[in-house]
Amino acid sequence: MSWAGPDNFPATSTSLADNLDKKLLVILRDGRRIIGILRSFDQFANVVLEGAVERSIVEELYCDLPLGLYIIRGENVVLIGELDLEKEELPAFMVAVTHAEIKQAQKVEKDGEEHNKVDHKVQNVTTNK
Amino acid sequence: MLFFSYFKELVGKEVVVELKNDLAISGILHSVDQYLNIKLENTRVVDDTKYPHMLSVKNCFIRGSVVRYVQLPPDGVDVDILHDATRREARGG
(Lines give C-alpha, C1' and ligand atoms only; values in the text may rest on other atoms or scores of the structure.)
Protein backbone atom coordinates (compact mmCIF):
# COMPACT_ATOMS: atom_id res chain seq x y z
CA MET A 1 0.00 0.00 0.00
CA SER A 2 1.63 3.23 -1.09
CA TRP A 3 1.48 6.20 1.22
CA ALA A 4 -1.52 8.21 0.09
CA GLY A 5 -1.09 11.97 -0.05
CA PRO A 6 -3.90 14.47 0.24
CA ASP A 7 -4.61 14.26 -3.50
CA ASN A 8 -5.06 10.50 -3.60
CA PHE A 9 -8.22 10.43 -1.51
CA PRO A 10 -11.54 10.39 -3.38
CA ALA A 11 -14.11 12.97 -2.41
CA THR A 12 -15.80 10.86 0.22
CA SER A 13 -12.89 9.31 2.06
CA THR A 14 -12.87 9.86 5.77
CA SER A 15 -9.28 10.54 6.64
CA LEU A 16 -7.66 11.97 9.70
CA ALA A 17 -4.80 13.31 7.57
CA ASP A 18 -6.40 16.77 7.59
CA ASN A 19 -6.13 16.75 11.39
CA LEU A 20 -2.42 15.96 11.61
CA ASP A 21 -0.48 18.30 13.92
CA LYS A 22 -3.73 19.80 15.12
CA LYS A 23 -5.01 19.97 18.68
CA LEU A 24 -7.82 17.48 18.97
CA LEU A 25 -10.35 16.33 21.52
CA VAL A 26 -10.68 12.54 21.64
CA ILE A 27 -13.67 11.07 23.48
CA LEU A 28 -13.16 7.49 24.64
CA ARG A 29 -15.68 4.73 25.27
CA ASP A 30 -15.11 4.91 29.01
CA GLY A 31 -16.16 8.57 28.94
CA ARG A 32 -12.72 10.08 29.25
CA ARG A 33 -11.84 13.18 27.26
CA ILE A 34 -8.25 13.41 26.06
CA ILE A 35 -6.90 16.54 24.39
CA GLY A 36 -3.65 16.44 22.43
CA ILE A 37 -1.89 17.08 19.14
CA LEU A 38 -2.42 14.36 16.53
CA ARG A 39 0.89 13.00 15.35
CA SER A 40 -0.17 9.72 13.76
CA PHE A 41 -3.16 7.52 12.95
CA ASP A 42 -4.09 4.41 11.00
CA GLN A 43 -7.08 2.71 9.40
CA PHE A 44 -8.32 1.41 12.78
CA ALA A 45 -8.40 4.96 14.19
CA ASN A 46 -5.46 4.14 16.48
CA VAL A 47 -3.98 7.57 17.23
CA VAL A 48 -0.80 9.03 18.64
CA LEU A 49 -1.34 12.21 20.67
CA GLU A 50 1.50 14.41 21.80
CA GLY A 51 1.18 16.53 24.95
CA ALA A 52 -1.97 14.68 25.89
CA VAL A 53 -4.11 16.02 28.70
CA GLU A 54 -7.11 14.32 30.31
CA ARG A 55 -9.87 16.85 30.94
CA SER A 56 -12.38 15.95 33.62
CA ILE A 57 -15.53 18.05 33.96
CA VAL A 58 -18.12 17.93 36.72
CA GLU A 59 -20.73 20.68 36.29
CA GLU A 60 -18.77 23.92 36.63
CA LEU A 61 -15.53 22.34 37.88
CA TYR A 62 -12.80 21.09 35.57
CA CYS A 63 -9.33 19.61 35.89
CA ASP A 64 -6.59 18.95 33.33
CA LEU A 65 -4.30 16.00 34.05
CA PRO A 66 -1.13 15.97 31.88
CA LEU A 67 -0.39 12.58 30.32
CA GLY A 68 2.47 13.15 27.85
CA LEU A 69 2.81 11.06 24.69
CA TYR A 70 -0.15 8.70 24.23
CA ILE A 71 -1.15 5.95 21.82
CA ILE A 72 -4.88 5.30 21.94
CA ARG A 73 -6.16 2.01 20.54
CA GLY A 74 -8.82 2.72 17.93
CA GLU A 75 -11.47 0.41 19.43
CA ASN A 76 -11.73 2.78 22.41
CA VAL A 77 -12.25 5.88 20.28
CA VAL A 78 -15.76 7.33 20.10
CA LEU A 79 -15.15 10.69 18.52
CA ILE A 80 -12.25 12.86 17.41
CA GLY A 81 -13.09 16.55 17.35
CA GLU A 82 -11.03 19.38 15.92
CA LEU A 83 -10.57 22.12 18.50
CA ASP A 84 -10.93 25.62 17.14
CA LEU A 85 -7.99 27.42 18.73
CA GLU A 86 -9.61 30.83 18.37
CA LYS A 87 -12.70 29.81 20.27
CA GLU A 88 -12.70 29.30 24.00
CA GLU A 89 -12.55 25.60 24.75
CA LEU A 90 -14.58 25.92 27.90
CA PRO A 91 -17.39 28.25 28.99
CA ALA A 92 -16.17 31.22 31.00
CA PHE A 93 -17.97 30.22 34.19
CA MET A 94 -15.93 27.05 34.62
CA VAL A 95 -13.55 26.81 37.55
CA ALA A 96 -10.21 24.95 37.52
CA VAL A 97 -9.69 22.63 40.47
CA THR A 98 -7.08 20.10 41.57
CA HIS A 99 -7.17 16.45 40.63
CA ALA A 100 -8.22 15.43 44.15
CA GLU A 101 -11.13 17.88 44.12
CA ILE A 102 -12.43 16.73 40.75
CA LYS A 103 -12.26 13.09 41.80
CA GLN A 104 -14.30 13.97 44.89
CA ALA A 105 -16.85 15.78 42.71
CA GLN A 106 -17.04 12.79 40.35
CA LYS A 107 -17.66 10.48 43.30
CA VAL A 108 -20.49 12.71 44.53
CA GLU A 109 -22.01 12.78 41.04
CA LYS A 110 -21.75 9.00 40.71
CA ASP A 111 -23.32 8.42 44.13
CA GLY A 112 -26.13 10.75 43.17
CA GLU A 113 -26.81 8.75 39.99
CA GLU A 114 -26.76 5.43 41.85
CA HIS A 115 -29.16 6.84 44.41
CA ASN A 116 -31.59 7.71 41.61
CA LYS A 117 -31.26 4.18 40.18
CA VAL A 118 -32.15 2.65 43.54
CA ASP A 119 -35.26 4.85 43.77
CA HIS A 120 -36.48 3.49 40.43
CA LYS A 121 -36.04 -0.08 41.65
CA VAL A 122 -38.17 0.64 44.73
CA GLN A 123 -40.93 2.08 42.53
CA ASN A 124 -40.98 -1.04 40.34
CA VAL A 125 -41.35 -3.32 43.33
CA THR A 126 -44.36 -1.49 44.68
CA THR A 127 -46.23 -1.41 41.32
CA ASN A 128 -45.66 -5.08 40.40
CA LYS A 129 -48.13 -6.45 42.92
CA MET B 1 -21.46 -1.54 0.40
CA LEU B 2 -25.09 -0.47 0.06
CA PHE B 3 -25.13 1.81 3.06
CA PHE B 4 -21.72 3.21 2.17
CA SER B 5 -23.15 4.17 -1.26
CA TYR B 6 -26.28 5.48 0.41
CA PHE B 7 -24.33 7.72 2.77
CA LYS B 8 -22.25 9.00 -0.12
CA GLU B 9 -25.49 10.27 -1.62
CA LEU B 10 -26.19 12.14 1.61
CA VAL B 11 -22.89 14.06 1.68
CA GLY B 12 -23.66 17.75 2.15
CA LYS B 13 -26.94 17.13 3.96
CA GLU B 14 -27.60 17.96 7.59
CA VAL B 15 -27.86 14.89 9.82
CA VAL B 16 -27.99 14.10 13.52
CA VAL B 17 -25.74 11.27 14.65
CA GLU B 18 -26.74 9.60 17.90
CA LEU B 19 -23.93 7.64 19.50
CA LYS B 20 -24.07 4.60 21.73
CA ASN B 21 -22.97 6.77 24.67
CA ASP B 22 -26.20 8.81 24.18
CA LEU B 23 -24.35 11.82 22.78
CA ALA B 24 -26.26 13.33 19.85
CA ILE B 25 -24.42 15.56 17.38
CA SER B 26 -25.91 17.45 14.48
CA GLY B 27 -23.85 18.55 11.53
CA ILE B 28 -23.34 18.45 7.80
CA LEU B 29 -22.15 15.12 6.47
CA HIS B 30 -18.70 15.74 5.04
CA SER B 31 -17.58 12.23 4.24
CA VAL B 32 -18.05 8.57 4.98
CA ASP B 33 -15.90 5.49 4.45
CA GLN B 34 -16.21 1.73 4.11
CA TYR B 35 -16.37 1.30 7.89
CA LEU B 36 -19.19 3.87 7.97
CA ASN B 37 -16.93 6.21 9.93
CA ILE B 38 -18.49 9.65 9.62
CA LYS B 39 -16.95 13.08 9.33
CA LEU B 40 -19.24 15.96 10.23
CA GLU B 41 -18.78 19.69 9.73
CA ASN B 42 -20.38 22.61 11.57
CA THR B 43 -21.09 20.25 14.43
CA ARG B 44 -23.32 21.16 17.28
CA VAL B 45 -24.12 18.95 20.25
CA VAL B 46 -27.89 18.59 20.56
CA ASP B 47 -27.92 19.04 24.35
CA ASP B 48 -24.84 21.25 24.71
CA THR B 49 -25.34 22.25 28.31
CA LYS B 50 -24.91 18.61 29.27
CA TYR B 51 -21.69 18.20 27.25
CA PRO B 52 -19.54 21.33 27.69
CA HIS B 53 -16.41 19.58 26.35
CA MET B 54 -17.55 19.97 22.78
CA LEU B 55 -18.08 23.72 22.81
CA SER B 56 -15.30 24.70 20.40
CA VAL B 57 -15.43 21.56 18.27
CA LYS B 58 -16.81 22.40 14.84
CA ASN B 59 -15.57 19.44 12.80
CA CYS B 60 -15.36 15.91 14.02
CA PHE B 61 -14.61 12.36 13.02
CA ILE B 62 -16.94 9.71 14.45
CA ARG B 63 -15.89 6.07 14.50
CA GLY B 64 -18.50 3.95 12.74
CA SER B 65 -18.57 1.36 15.53
CA VAL B 66 -20.00 3.84 18.06
CA VAL B 67 -22.93 5.08 15.99
CA ARG B 68 -26.40 4.05 17.20
CA TYR B 69 -28.57 6.14 14.82
CA VAL B 70 -28.12 8.55 11.97
CA GLN B 71 -31.17 10.81 11.79
CA LEU B 72 -31.81 11.99 8.26
CA PRO B 73 -33.74 14.89 6.76
CA PRO B 74 -37.29 13.75 5.83
CA ASP B 75 -36.62 14.33 2.13
CA GLY B 76 -33.17 12.82 2.32
CA VAL B 77 -34.13 9.48 0.85
CA ASP B 78 -35.73 8.35 -2.35
CA VAL B 79 -37.38 5.25 -0.93
CA ASP B 80 -38.00 3.58 -4.29
CA ILE B 81 -34.37 3.77 -5.36
CA LEU B 82 -33.33 2.44 -1.97
CA HIS B 83 -35.79 -0.44 -2.27
CA ASP B 84 -34.46 -1.37 -5.69
CA ALA B 85 -30.87 -1.21 -4.54
CA THR B 86 -31.68 -3.38 -1.53
CA ARG B 87 -33.38 -6.01 -3.68
CA ARG B 88 -30.44 -6.06 -6.04
CA GLU B 89 -28.00 -6.39 -3.17
CA ALA B 90 -30.03 -9.19 -1.59
CA ARG B 91 -30.20 -11.04 -4.90
CA GLY B 92 -26.60 -10.59 -5.98
CA GLY B 93 -24.81 -10.33 -2.63
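B:Cys60 approaches A:Gly81 most closely through the heavy-atom pair CB-CA, 3.8 Å.
Side-chain atoms of A:Leu16 and B:Phe61, non-hydrogen and from C-beta on, do get closer than 4.5 Å to each other. Between A:Val78 and B:Lys20, every side-chain heavy-atom pair lies at or beyond the 4.5 Å cut-off.
Here the side chain of B:Lys58 pairs no donor or acceptor atom with the backbone of A:Glu82 at under 3.5 angstrom.
For B:Leu29, no part lies under 4.5 angstrom from a heavy atom of chain A. For B:Leu40, no part lies under 4.5 angstrom from a heavy atom of chain A. With a 4.5 Å cut-off on non-hydrogen atoms, B:Tyr35 touches chain A through its side chain but not through its backbone.
Following chains of ILVMFWY side-chain contacts shorter than 4.5 Å, one cannot reach A:Leu67 starting from A:Ile37, and the two form parts of different hydrophobic clusters.
A distance of 13.0 Å separates CG of B:Asn59 from CD1 of A:Ile80, quoted to the nearest 0.5 Å. Expressed to the nearest 0.5 Å, how far CG of A:Leu83 lies from CE of B:Met54 amounts to 9.0 Å. Here CD1 of A:Ile27 is found 7.0 Å from CG of B:Asn21. Values are rounded to the nearest 0.5 Å.
Heavy-atom neighbours of A:Lys103 NZ from other residues, nucleotides or ligands within 6.0 Å: at or below the threshold of 12.
Residues of residues 62-72 of chain B having a heavy atom under 4.5 Å from any heavy atom of chain A, listed by number: B:Ile62, B:Arg63, B:Val66.
Here A:Leu25 is the residue among A:Val26, A:Asn19, A:Leu25, A:Leu24 with the most heavy-atom pairs under 4.5 Å with chain B.
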